[in-house]
Protein chains: 2
Amino acid sequence: MLNLKQDHSTLVVLSVLADGPSYGYAISKAIASRSEGHFQLTPSGMYPLLTKLEKQGLVTTSWEEVKAEGADPDANGRKRKWYTLSAKGHKQLARHIEAHRQMQALIDVFVSPAEHGGATPT
Amino acid sequence: MLNLKQDHSTLVVLSVLADGPSYGYAISKAIASRSEGHFQLTPSGMYPLLTKLEKQGLVTTSWEEVKAEGADPDANGRKRKWYTLSAKGHKQLARHIEAHRQMQALIDVFVSPAEHGGATPT
DNA sequence: TACGAATATATCGGTTTCCGATATATCTGA
DNA sequence: TCAGATATATCGGAAACCGATATATTCGTA
């Protein structure tokens, strides 16, 4: 169960939200599920990140009251904070993915067994 | 010019040392060169990392006195600290590469446009 | 021979990130 | 009734980050 660092957390959360609006708890479940239990984003990683994304204008938010079945209409139900990817968020996700791919390619130069430092034979 | 985080720094430095012993300054130049100027590992990133690798037993070290041509044999020349990848370091590099590939594959699940959540059609 | 740039190693310290523990409250199922 | 799941959020010590700084040698060149 790997904890994600901010860069990867951002990429993964934006990516989940690209499929449609969601809320913190559901996002964390989606991440665990899609990664088949390999990734984990705990509350202390999730909520500060979502707040940051909101401040950056990458997501918009709204509260939803989740009432229990047959509950007193005056009672306070559980609250859900929904996050929706904004247009800016979509663009940022595309940029993040591009940056991620470039980083991957660059790291591969060091990690893959291909020769380096010499000219490629023709 | 991207600064590397510790995970990537470790991978890249061990990878450079896998080609043979080197020293801090040369390693930083090799990283800049092989990444075609995209990666940078500054002294404040490089030396604490090398010290850590040494403490972990992943590298062994030795000092070399670099005397100027025709210099006074008694004079203090510039010093170079050589780093050599140990057997343990080689194993650790292999583990790091494996972990990196797994992380890549996992992130791709979120980043690649393939469908998810449903069964793959046969 | 004077001087700037390159070579070479290393630490300092303020800012940011990380993440386990904690807090609070509702809802579901046995 | 009560444990476990749902749901959001902060706290605070530890670790990481990285620009600035320190120190000294060597090379190129004007």
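Every heavy atom of this structure was used, including side-chain atoms; hydrogens, water molecules and symmetry mates were not. Since this is a predicted model, take the numbers as computed values, not measurements. Here is how names work: the chains are called A, B, and so on, in the same order as the sequence lines, proteins then strands, and each is numbered from 1.
At whole-Å resolution of the value, CD in A/E65 and P in C/dT26 are 11 Å apart. Between the CD atom of A/Q40 and the P atom of C/dA21 there is a distance of 12 Å, given to the nearest Å. Taking atom CG on B/L2 and atom P on D/dG19, their separation rounds to 12 Å, with Å as the unit. Atom CG of B/D7 and atom C1' of C/dT17 are 14 Å apart (whole Å). Atoms CG (A/L41) and P (D/dA7) sit 16 Å apart, rounded to a whole Å. D/dG19 atom P lies 15 Å from atom CE of B/M46, rounded to whole Å. Per the geometry, CG belonging to A/L49 stands 12 Å off C1' belonging to C/dT17, to the nearest Å.
With hydrogens and angles left out, the side chain of B/R78 and the base of D/dT26 share no donor-acceptor pair within 3.5 Å.
Identified under the side chain to side chain donor-acceptor pair (under 3.5 Å) test for residues 99-110 of chain B, with sequence neighbours left out: B/H100-B/Q104.
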Practice task
Treat primed atoms plus P, OP1 and OP2 as sugar-phosphate and everything else as base, then score nucleotides 9-16 of chain C 5' to 3': B for base contact with protein heavy atoms under 4.0 Å, S for sugar-phosphate contact only, - for none.
Solution key: BBB-----

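With sequence neighbours left out, the side chain to side chain contact (heavy atoms under 4.5 Å, CB included) criterion links B/A26 to B/S22, B/Y23. Listed by chain and residue number, nothing satisfies the side-chain hydrogen bond (donor to acceptor under 3.5 Å, both in side chains) test with B/H8 (two or more places apart in sequence, or in another chain). Considering only residues two or more places apart in sequence or on other chains, B/T60 meets the side-chain hydrogen bond (donor to acceptor under 3.5 Å, both in side chains) condition with none of them. Not counting sequence neighbours, B/Q56 has no partner by the side-chain hydrogen bond (donor to acceptor under 3.5 Å, both in side chains) test. Remark: B/N3 pairs with no residue by the side-chain hydrogen bond (donor to acceptor under 3.5 Å, both in side chains) rule, at least two apart or across chains.
Axis angle between the ends of the helix from C/dT1-D/dA30 to C/dA30-D/dT1, five pairs each and rounded to 10 degrees, works out to 20°.
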Report all side-chain donor-acceptor pairs from residues 40-53 of chain A shorter than 3.5 Å, counting only partners two or more places apart or in another chain.
from  : atom 1 : to    : atom 2 : distance (Å)
A/T42 : OG1    : A/S44 : OG     : 3.4
A/T51 : OG1    : A/Y47 : O      : 2.9
A/K52 : NZ     : A/Q6  : OE1    : 3.2

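Minimum interatomic distance between A/V111 and B/S15 (heavy atoms only, all atoms of both residues): N-OG, 4.5 Å.
Close to C/dT17, at under 4.0 Å from its OP1 or OP2, lies a side-chain N or O of A/K52.
Remark: B/K81 engages B/E54 in a salt bridge, criterion side-chain N to carboxylate O under 4.0 Å.
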